[in-house]
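Let me begin by presenting the structure, written as structure tokens, before commenting on it.
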Number of protein chains: 2
Amino acid sequence: MTTRNPAILAWLHMLRIHQQVQKTETAHLAPFNLTLPQFDVLAQLYSEEGITQQTLADRLYVTKGNVCGLMDRMVEQELVERRADPQDRRAYMLHLTTKGKRLIETVLPLHTQLLAAQFDSLASDKQKHLLDLLSELDRALEGHAA
Amino acid sequence: MTTRNPAILAWLHMLRIHQQVQKTETAHLAPFNLTLPQFDVLAQLYSEEGITQQTLADRLYVTKGNVCGLMDRMVEQELVERRADPQDRRAYMLHLTTKGKRLIETVLPLHTQLLAAQFDSLASDKQKHLLDLLSELDRALEGHAA
DNA sequence: GTAAGATAGTTTAGACTTGAACTACTAATA
DNA sequence: TATTAGTAGTTCAAGTCTAAACTATCTTAC
């Protein structure tokens, strides 16, 4: 890291942290035969059922084409159901199957715990401070996006 | 964001920031016909030429299989050269071509500037503070990895 | 020197992701 | 109501990424 610019350095650290945390998450999910994107789908549908593929795509900040393939695989595995929407024949209403619900209820607590544990090397007040800074940056970038 | 845990919230913000910054980076690189991973390769080789594919993989924290495909495409585009290593007939020494060097020298300054600009919504002291926290977390996770 | 083990690179199968083109359906408007 | 515009979902090509199996080459230890 030859750069002196604090922004660049912060970004490089963020990349490393992102990579490291995701690697740990992925390793945790693998025994359940779940990928990280699939976990994200289950977690989202667990908190908000009956949404369309497009809405799910919006929630996860990905394209609808992406969600379409993801759903193909997850329907195949019987984790998710595509129900017809009587109000709109173009759309599906997405629902967790019993299997999907059971899986996310098993995996989510451990997952949350694992994630929290990774941040626990930081003292509690530092975690809060980090949250504040990231929160501010996130909010600022939303505007930047436009 | 219904979660109350500061670690989880921080992580969610980090995900969003990561996504947003990468989207901006990707958009900046597109006119140069460069993907983000390809940019990373050029930037790395610009700072350290003559390394092997395996070393490059280590530097970028990806697998050698990944680098192999990346190099195939970048050699095809004449951005990078695979030179034989007289010391080790298994290995290549990777070098930027003139075209690759010219490209990274064009793109890198703008890219750095763009990245810094994204963090400029945060006051200078907050940027430094963020760097400190991320740096500490990064270091801590390195140990966690093992 | 040679056999065993390690290392550099390649290949493959499978999953993910995007953007763009396409189909089917809905909504809006003239 | 008929045309037009917009929206939900699908498909495709291209790139990315991993893990695992494979080839070729080194290295090491007998």
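The chains referred to below are lettered A, B, ... by the order of the sequence lines, with proteins before strands, and numbering in each begins at 1.
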Problem set entry | Terminal axis angle for the helix from C:dG1-D:dC30 to C:dA30-D:dT1, five pairs an end, nearest 10 degrees | 10°

For this session: Round to the nearest Å and state the distance from B:Leu70 atom CG to C:dT11 atom C1'.
Result: 16 Å

For this session: Give a yes or no on whether B:Lys23 atom NZ has more than 12 heavy-atom contacts from other residues, nucleotides or ligands under 6.0 Å away.
Result: no

Problem set entry | For the student: nearest non-hydrogen atoms of A:Thr106 and A:Pro109, plus distance | O-CD, 3.6 Å

For this session: Please report, rounded to the nearest Å, how far the C1' atom of C:dT17 is from the NZ atom of A:Lys64.
Result: 15 Å

Exercise. At their closest point, which heavy atom of A:Gln118 faces which heavy atom of B:Leu137, and how far apart are they?
Worked result: O-CD1, 3.6 Å

Seminar exercise, completed: Outermost contacting nts on DNA chain D, any atom under 4.0 Å from chain B heavy atoms, listed 5' then 3', are D:dG15 to D:dC26

Problem set entry | Considering all heavy atoms, the nearest B:Gln127-B:Leu122 contact | NE2-O, 3.0 Å

For this session: Assess whether side chain to side chain contact (heavy atoms under 4.5 Å, CB included) is satisfied between B:Tyr61 and A:Arg16, documenting all intermediate values.
Result: CA-CA 9 Å; B:Tyr61 303 100; A:Arg16 289 281 293 121; 3.3 Å; yes

Exercise. At under 4.0 Å, does any side-chain N or O of A:Asn66 touch on OP1 or OP2 of C:dT18?
Worked result: yes

Exercise. Separation of B:Gln22 atom CD from C:dT17 atom C1', in whole Å?
Worked result: 12 Å

Seminar exercise, completed: Within residues 72-89 of chain B, the residues having a heavy atom closer than 4.0 Å to DNA chain C are B:Arg82

For this session: Describe, in one word, how the ring planes of A:Phe119 and B:Trp11 are oriented to each other, choosing from parallel (under 30°), tilted (30 to 60°) and perpendicular (over 60°).
Result: perpendicular

Seminar exercise, completed: Contacts of B:Gly69 and A:Tyr92 projected onto DNA chain D by closest heavy atom; the upstream (5') one is A:Tyr92

Exercise. So with a 6.0 Å cut-off around CD of B:Glu105, is the heavy-atom count from everything else above 12?
Worked result: yes

Exercise. Given side chains that start at C-beta, do those of B:Arg102 and B:Leu96 come closer than 4.5 Å, heavy atoms only?
Worked result: no

Problem set entry | Pairwise salt bridge (Lys or Arg N to Asp or Glu O under 4.0 Å) hits with a residue in residues 42-71 of chain B, at least two apart | B:Glu48-B:Arg59

For this session: Apply the test side chain to side chain contact (heavy atoms under 4.5 Å, CB included) to residues A:Leu130 and B:Leu134: give CA-CA distance (whole Å), side-chain angles for both, the deciding distance (0.1 Å), then the verdict.
Result: CA-CA 8 Å; A:Leu130 179 59; B:Leu134 291 175; 4.0 Å; yes

Exercise. Below 4.0 angstrom, N of the basic side chain to O of the carboxylate: do A:Asp72 and A:Arg82 qualify?
Worked result: yes

For this session: With heavy atoms under 4.0 Å as the rule, sort A:Thr52 into base, sugar-phosphate or nothing.
Result: sugar-phosphate

Problem set entry | CA sep, side-chain torsions, deciding dist, call: A:Tyr92, A:Arg83, side chain to side chain contact (heavy atoms under 4.5 Å, CB included) | CA-CA 5 Å; A:Tyr92 294 123; A:Arg83 297 193 193 153; over 6 Å; no

Problem set entry | Interface with DNA chain D, restricted to residues 27-45 of chain A and to heavy atoms under 4.0 Å | none

Exercise. Where do B:Lys128 and B:Ser124 land on the side-chain hydrogen bond (donor to acceptor under 3.5 Å, both in side chains) test, with the steps shown first?
Worked result: CA-CA 6 Å; B:Lys128 290 202 188 71; B:Ser124 170; 3.2 Å; yes

Exercise. What integer distance in Å separates A:Gln53:CD from C:dA24:P?
Worked result: 17 Å

Can you check nucleotides 1-7 of chain C for protein contacts, nitrogen or oxygen pairs under 3.5 Å, and list what you find?
| residue | atom | partner | partner atom | Å |
| --- | --- | --- | --- | --- |
| C:dT7 | O2 | B:Arg90 | NH1 | 2.4 |

Problem set entry | Close side-chain approach of B:Asp88 and B:Asp85, heavy atoms under 4.5 Å | yes

Exercise. Would you find more than 12 non-hydrogen atoms of other residues, nucleotides or ligands less than 6.0 Å from A:Glu78 atom CD?
Worked result: no

Seminar exercise, completed: side chain to side chain contact (heavy atoms under 4.5 Å, CB included) with B:Met71: of B:Gln38, B:Gln53, B:Glu81, only one passes, and it is B:Gln53

For this session: Please state whether the phosphate of C:dG19, meaning OP1 or OP2, lies under 4.0 angstrom from any side-chain nitrogen or oxygen of A:Thr63.
Result: no

